[in-house]
Amino acid sequence: MKMDDAQLVAAIEQHEAASSLHGALESDRAESVDRYLGKAMGNEIEGRSQVVARDSFDTVEWLKPQLADIFTSGEEIVSFSPRGPDDVKAAEQETDYINHLITQRNNWFEIWYNWTHDALVQKNGYVKVYWDDSEDKTREKYQQLDPESYAKLMQDDDIEVISQSEESYIDEMGQPVMLYSCEVERTQPRNVVRMLNVQPENIRVDSNAPALNLQDPRLSFVQHLELKTISELRNDGLDVPDDISDSGTTDRGFERQDDYTPFRDSDGQESDPSMRRIKVRECWLRCDYDGDGRAELLHVIIVGTTPLLIEDCDVVPIVALCPIPQPHQHVGLSLIDAVLDLEKIQTALLRGALDNQYLANNGRYGVNEDNVNLDDM
């Protein structure tokens with residue numbers, strides 16, 4: 001039997017409850033960011049040195065430029081190899097085209113730099129790759145066009161006339177001439193491959209994920225959480241009412257109250273309904289939606305408990321990166337995990353040395369008030 005919308009939402013929320021976003025992973029990521037930023041460790045003693053060693057920061061920032069030099073400085077980011085003599089021409093064209101998409105239509109250096117930063121600090125880094133067919137709408141005004149220019153403008157299929165007016169005057173030959181003024185809205189589809197860095201805390205992955213690769217057929221659930229305006233969703237071709245509610249039975253992932261949450265909910269602060277920011281859950285899950293007894297990969301966009309899009313898909317358009325992958329699991333180790341014990345040792349040694357130096361330079365006396373005249377002291 002085919003699933004209805006309520007059953008599909010329930011399946012998604014069941015996956016969310018079992019996803020690997022919360023618990024130890026979230027606290028580990030928060031601590032890693034603290035260590036990278038050099039924040040207090042929480043074991044400071046009042047009146048004693050509170051310096052924090054910056055081993056995590058130094059190690060990450062030392063490695064990032066070297067990785068960027070390897071993966072962004074060459075002429076070819078991707079290279080296709082021919083399988084036979086007949087494939088040489090096609091392989092060259094594919095190599096040129098894909099490198100053009102990566103380096104010219106996207107800012108590859110910034111994407112790679114942020115991707116590696118997320119992975120080195122927060123265990124996993126994510127990039128979303130998708131075909132952007134959203135539309136850009138711009139308003140244009142034209143004044144006093146002659147009939148030929150006006151007719152040519154009206155033949156443009158990308159415009160919609162908002163308003164128009166006409167006026168006439170007598171030229172030097174005594175002939176009446178019509179002039180046209182108009183305001184039009186031009187719609188231009190982007191139609192380009194986009195690569196987008198995604199915050200690791202915005203990604204939920206099946207807690208039983210068997211590998212780093214999100215294309216693994218054994219993986220049952222991946223979710224991307226984000227805030228979008230209603231206007232952005234409509235530009236993506238989705239039908240969204242102004243009064244849609246983004247509250248659901250599980251809102252976890254949008255409620256973090258620390259310094260690292262990307263969600264700054266401004267609900268109720270926008271006077272324009274189209275600019276209201278709502279919580280959007282984009283999911284890829286395997287389930288038997290059509291009731292044929294076999295699970296298929298679905299792409300679902302849901303706001304609150306309202307699915308805006310349900311469609312079959314072939315791949316999960318999110319690519320994961322990990323500096324120290326672990327066998328048989330999706331989440332690996334960050335570079336900070338590898339140097340954290342050294343940073344704690346360095347911090348303890350620095351604090352001890354500084355405390356000792358402070359006491360040597362600013363010595364304090366202990367006296368017995370029964371044996372010493374305090375005024376003389």
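Remember, predicted model here, so these are calculated numbers, not experimental data. Start at 1 with the first residue, then count along the sequence.
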(message) Quick check on Q66: does its CD atom have over 12 non-hydrogen neighbours (other residues, nucleotides or ligands) under 6.0 Å away?
(response) yes

(message) Do K152 and Y150 form a cation-pi contact, if we require the NZ or CZ to be under 6.0 Å from the six-membered ring centre and within 45 degrees of the ring's axis?
(response) no

(message) Between Q223 and E16, is there a side-chain donor-acceptor contact under 3.5 Å, judged purely by atom types and distance?
(response) yes

(message) Test your reading of the model: is there a side-chain donor-acceptor pair from D132 to the backbone of R194, 3.5 Å cut-off?
(response) no

(message) Other residues, nucleotides and ligands only: do more than 12 of their heavy atoms fall within 6.0 Å of CG on D239?
(response) no

(request) Would you name the heavy atoms of C313 and L298 that are closest together and state the gap between them? (result) SG-C, 3.9 Å

(message) Does Y142, at its OH atom, have more than 12 non-hydrogen atoms belonging to other residues, nucleotides or ligands within less than 6.0 Å?
(response) yes

(request) Check whether any side-chain heavy atom of V280 sits under 4.5 Å from a side-chain heavy atom of L227, and report yes or no. (result) no

(request) Could you tell me whether Q7 atom CD has more than 12 heavy atoms of other residues or ligands within 6.0 Å of it? (result) yes

(message) Any donor-acceptor pair under 3.5 Å linking the side-chain atoms of N43 with those of R351?
(response) yes

(request) Please determine if R29 and E201 form a salt bridge, counting it only when a charged side-chain N lies under 4.0 Å from a carboxylate O. (result) no

(message) Counting C-beta onward and ignoring hydrogens, is there a side-chain heavy-atom pair between S334 and V121 closer than 4.5 Å?
(response) no

(message) For R218, is there an ion pair with D216 - N to carboxylate O distance below 4.0 angstrom?
(response) yes

(message) Any heavy-atom pair between the side chains of V78 and E94 that's under 4.5 Å?
(response) no

(request) Give a yes or no on whether R48 atom CZ has more than 12 heavy-atom contacts from other residues, nucleotides or ligands under 6.0 Å away. (result) no

(message) To check you understand the geometry: which heavy-atom pair defines the closest contact between D292 and D290, and what is its length?
(response) OD1-OD1, 2.9 Å

(message) Closer than 4.0 angstrom, basic N to acidic O: yes or no for K123 and D337?
(response) yes

(message) What I want to check is whether the side chains of D158 and T187 have a donor and an acceptor closer together than 3.5 Å.
(response) no

(message) So for atom CD, which belongs to E311, do other residues, nucleotides or ligands contribute more than 12 heavy atoms lying within a distance under 6.0 Å?
(response) yes

(request) Using a 4.5 Å cut-off on heavy atoms from C-beta on, say whether the side chain of R281 contacts that of I301. (result) no

(message) In terms of relative ring orientation, are Y113 and F109 parallel, tilted or perpendicular, with 30° and 60° separating the classes?
(response) parallel

(message) For E110, is there any backbone N or O sitting under 3.5 Å from a side-chain donor or acceptor partner on N114?
(response) yes

(request) Assign the ring pair Y36 / H117 to parallel, tilted or perpendicular, where the plane angle (0 to 90°) is split at 30° and 60°. (result) perpendicular

(message) Quick check against the 3.5 Å criterion: does D118 have a side-chain atom that pairs as donor or acceptor with the backbone of Q122?
(response) no

(request) Can you see which heavy atom on L340 is nearest to which on R35, and at what distance? (result) CD1-CD, 3.3 Å

(request) Report the C-alpha distance between R139 and E160 in whole Å, list the side-chain angles of each, state the deciding distance to 0.1 Å, and finish with yes or no for salt bridge (Lys or Arg N to Asp or Glu O under 4.0 Å). (result) CA-CA 10 Å; R139 291 287 182 97; E160 178 184 354; over 6 Å; no

(message) Quick one, S163 and E183 - any side-chain contact, counting heavy atoms below 4.5 Å?
(response) yes

(message) Any non-hydrogen side-chain atom of C182 less than 4.5 Å from a side-chain atom of L153?
(response) yes

(request) Please tell me if the side chains of E167 and Q144 come closer than 4.5 Å, counting only heavy atoms from C-beta onward. (result) yes

(message) Within a 6.0 Å radius of atom CG on N368, are there more than 12 heavy atoms belonging to other residues, nucleotides or ligands?
(response) yes

(request) Salt-bridge test for D69 and K64: reply yes if a basic N is under 4.0 Å from a carboxylate O, no otherwise. (result) no

(message) Between Q143 and S181, is there a side-chain donor-acceptor contact under 3.5 Å, judged purely by atom types and distance?
(response) no

(message) Could you report the tightest heavy-atom contact between W108 and I77, atom names first, then the distance?
(response) NE1-CD1, 3.3 Å

(message) Check whether N362 reaches the backbone of Y358 with its side chain - one donor and one acceptor, N or O, closer than 3.5 Å.
(response) yes

(request) Answer whether the closest heavy-atom distance between the side chains of V205 and L219 falls below 4.5 Å. (result) yes

(message) Looking at every heavy atom in both A320 and Y126, which two are closest together, and how far apart are they?
(response) CB-CE2, 3.7 Å

